[in-house]
Amino acid sequence: MDETLEGWSADTRDPEHRAEVIDHAFDYRGDVTIVLDDSTERVGYVFNRNRDVPDPYLEMFDSAGGPPIMIPYASVRAVRFTGRDTAAGNSYVAWLERKAAAKSSARDA
């Protein structure tokens, strides 16, 4: 069974943990909610991040539209995986199982 981060929420006040959680948000194939230090929330899709610069940042497409948003890591208080994980259940094994079932159905027809 494929695991998903859908529904998970992580406090990111610890800088090392923050970088790891943001990496997960980058790999996630759904929207996340970024909670900032001032308690504002940004909802969208994280499409880029860079922690190898003096001021690490992430970039996301806001779900409401508009230009991409750049958020400094230092401003991120929490990350919530709020959007549907569009990749859940789409592993290679699941694909093989669906393909075998389709072939079996075609033979039986």
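- Each of Arg18, Glu41, Arg13 was checked for a side-chain contact (heavy atoms from CB on, under 4.5 Å) with Arg77, and the lone residue meeting it is Arg13.
- A 4.5 Å side-chain heavy-atom check between His24 and Val32 finds every atom pair outside the cut-off.
- A donor-acceptor pair under 3.5 Å is absent between the side-chain atoms of Thr33 and the main chain of Thr82, judged by distance alone.
- Across all their heavy atoms, Met60 and Val46 have their closest contact at CB-CA, 3.9 Å.
- The backbone N or O of Gly44 sits nowhere less than 3.5 Å from a side-chain atom of Ser63 that would complete a donor-acceptor pair.
- To the nearest 0.5 Å, atoms CG (Asp11) and NE2 (His17) are separated by 7.0 Å.
- Between the side chain of Tyr28 and the backbone N or O of Gly83 there is at least one donor-acceptor pair closer than 3.5 Å.
- Linking Ile, Leu, Val, Met, Phe, Trp and Tyr whenever their side-chain heavy atoms come within less than 4.5 Å leaves Tyr73 and Val53 in two separate clusters.
- Remark: Phe26 CZ to Asn50 CG distance equals 10.5 Å, nearest 0.5 Å.
- By the 4.5 Å heavy-atom criterion applied to side chains, Ile71 and Leu36 are counted as neighbours.
- If you chain together hydrophobic residues whose side chains sit under 4.5 Å apart, Ile69 and Phe81 fall into the same group.
- Considering only heavy atoms from C-beta on, Asp55 stays 4.5 Å or farther from Pro72 through its side chain.
- With hydrophobic clusters built from ILVMFWY side chains whose heavy atoms lie under 4.5 angstrom apart, Leu58 does not share a cluster with Phe61.
- Not a single side chain to side chain donor-acceptor pair (under 3.5 Å) links Asp37 to another residue, sequence neighbours left out.
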